[in-house]
Amino acid sequence: MRTVLGSRPPAALRDSPLRGRVAVVTGAARGVGEALVRRLAADGMRIALVGREESALAQVAASLPTTTVCVEADVADQAALDRAVRRVEERLGAASVVVANAGIAVGGPFTRTGAELWRRVVDVNLIGAANTARAFLPQLRRTGGYFLQIASTAAFGSAPMMSAYCASKAGAESFALALRGEVAPEGIAVGIAYLHWTGTDMIAALDEHPVLRALRRHQPSFARQVHSPAQVADWLATGITHRARNIYAPPWLRWCQPLRPLFPFVVGRIARRELREGSTDELGTDVEVLGAGGRADWTSVNPGTRPLT
């Protein structure tokens with residue numbers, strides 16, 4: 001774990017209740033994490049960027065109009081996060097907002113996905129979220145803070161060929177719901193953010209993935225829209241400001257909550273049809289870590305191996 005400290009003179013900041021407080025965002029080197037730290041910095045927060053890709057973290061931190069610290073750490077490593085906690089408090093003070101955003105995904109059949117790769121997705125997305133909460137809860141107790149778990153519509157209805165991702169995101173949602181009840185008496189609020197199609201490098205090859213391509217094709221036009229990370233970050237920041245229990249990105253997802261019991265049936269029916277029509281060879285050739293961030297994580301825990309692409 002390495003740290004880089006940097007600061008920029010404050011720019012014209014929004015009048016926000018978050019101003020001057022400390023936010024910790026995991027997976028901050030790219031995608032939604034990067035967009036969110038930019039948005040929170042614009043609201044005047046001091047930012048701790050935690051995650052892989054040390055040079056990318058440092059570049060993002062150097063571009064922010066606020067005081068920052070970036071910590072290269074694996075969220076699946078509790079000791080590394082415990083060291084990150086100490087560094088954040090030394091440099092910025094106790095966190096008021098912690099966002100468990102770090103996540104990776106693998107696409108491909110369960111039986112053709114290596115056990116270590118499948119487990120790594122769960123380690124980052126679920127165990128990493130729990131590790132993040134465990135590390136930073138003492139600070140959040142002191143500040144009466146807010147913990148935000150980034151989940152996904154993958155928790156609504158699991159898609160075949162994405163078993164590790166769907167299982168981990170459903171687990172992360174369940175973890176956050178349980179944690180919410182435990183820490184509420186201590187003054188800590190816990191939110192869950194449900195993200196739909198978001199234009200990160202994780203879905204850059206979306207239309208090449210047979211089941212995801214089919215699921216998206218069968219959705220109504222408004223549900224097929226891919227939202228930019230900046231737009232998603234705006235929705236997240238608004239929810240953080242209000243300590244929201246649930247954040248929906250896009251907002252219309254809130255109306256899907258009552259329909260959740262139907263989703264497994266609908267998703268399963270579409271998936272079965274596509275799997276019957278697709279060839280085994282086509283479906284088995286793309287067992288891969290999705291996106292540059294996922295590949296960087298996989299390479300970091302398997303040095304000397306060729307990234308899965």
Side-chain angles (χ1 to χ4, degrees), residues 14 16 18 23 25-28 30-43 97 99-105 107 125 129 146-159 162 165-166 168-170 172-174 176-177 180 189-207 209 211-264 266-267 270-271 290-291 293:
R14 295 181 178 89
S16 168
L18 301 176
V25 179
T26 66
R30 59 177 67 244
V32 170
E34 176 188 353
L36 182 56
V37 297
R38 294 190 185 283
R39 178 63 167 78
L40 295 177
D43 279 339
V97 173
V99 183
N101 167 73
I104 61 173
N125 298 1
Y146 179 73
F147 179 84
L148 178 61
Q149 175 64 58
I150 302 298
S152 166
T153 51
F156 287 12
S158 296
M162 296 289 291
Y165 184 76
C166 292
S168 64
K169 286 300 185 180
E173 177 197 34
S174 186
L177 288 169
R180 177 183 290 165
V190 175
I192 304 171
Y194 298 95
L195 276 56
H196 198 42
W197 302 117
T198 305
T200 67
D201 60 19
M202 188 182 288
I203 67 163
L206 172 66
D207 291 333
H209 191 292
V211 172
L212 293 184
R213 181 178 64 233
L215 291 174
R216 187 161 175 257
R217 185 173 69 243
H218 286 86
Q219 290 174 344
S221 58
F222 69 88
R224 293 197 297 267
Q225 182 177 355
V226 177
H227 299 279
S228 70
Q231 174 63 81
V232 171
D234 281 342
W235 287 321
L236 295 178
T238 299
I240 290 170
T241 300
H242 294 92
R243 295 165 64 90
R245 291 170 63 85
N246 298 310
I247 302 173
Y248 298 96
W252 58 259
L253 282 174
R254 71 179 62 252
W255 305 112
C256 294
Q257 282 282 23
L259 303 176
R260 285 182 64 168
L262 300 175
F263 288 171
V266 173
V267 171
I270 294 171
L290 303 181

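Bear in mind the structure is a predicted one, so any value in this text is a computation, not a measurement. We use all heavy atoms of the structure for the numbers below, so side chains are in, but hydrogens, waters and symmetry mates are not.
Looking at residues two or more places apart in sequence or on another chain, you find a side chain to side chain donor-acceptor pair (under 3.5 Å) between Q257 and Y248, R260. Evaluation of the side chain to side chain contact (heavy atoms under 4.5 Å, CB included) rule for E34 yields R30, R38, V60 as partners, not counting sequence neighbours. Residues that satisfy the side chain to side chain contact (heavy atoms under 4.5 Å, CB included) test with R245, not counting sequence neighbours, are R180. Partners of T153 by side chain to side chain donor-acceptor pair (under 3.5 Å), not counting sequence neighbours, listed by chain and number: H196. With sequence neighbours left out, the side chain to side chain donor-acceptor pair (under 3.5 Å) criterion links R243 to no other residue. Applying the side chain to side chain donor-acceptor pair (under 3.5 Å) criterion to S168, with sequence neighbours excluded, gives N125. With sequence neighbours left out, S174 forms a side chain to side chain contact (heavy atoms under 4.5 Å, CB included) with no residue at all. With sequence neighbours excluded, the residues forming a side chain to side chain contact (heavy atoms under 4.5 Å, CB included) with A129 are A100, Q149, listed by chain and number.
The heavy-atom pair separating Y165 from A105 by the smallest distance is CD1-CB, 3.5 Å. Closest of all the heavy-atom pairs between A154 and C166 is CB-SG, 3.9 Å. Between A193 and L148, the closest heavy-atom pair is N-CD1, 3.9 Å. Nearest heavy atoms, A249 versus V232: CB-CG1, 4.1 Å. Nearest heavy atom pair, residue A35 against residue A230, reads CB-N, 3.9 Å. Residue P229 comes nearest to G31 through the heavy atom pair CB-O, 3.9 Å, listed as atom of the first residue, atom of the second, then distance.
Considering V25, T241, I240 in turn, I240 is the only one that fulfils the side chain to side chain contact (heavy atoms under 4.5 Å, CB included) rule with V97.
To the nearest 0.5 angstrom, I192 atom CD1 is 12.5 Å from S152 atom OG. Residue L259 holds its CG atom at 9.5 Å from CZ of F156, rounded to the nearest 0.5 Å.
Panel note: side chain Y146, backbone A244; a donor-acceptor pair is recorded below 3.5 Å.
Two residues are said to be in side-chain contact when any heavy atoms from C-beta on lie closer than 4.5 Å; I150 and L236 meet this criterion. Using a 4.5 Å heavy-atom cutoff, the side chains of N246 and R254 are not in contact. Side-chain contact check for T26 versus V99: every heavy-atom pair is 4.5 Å or farther apart.
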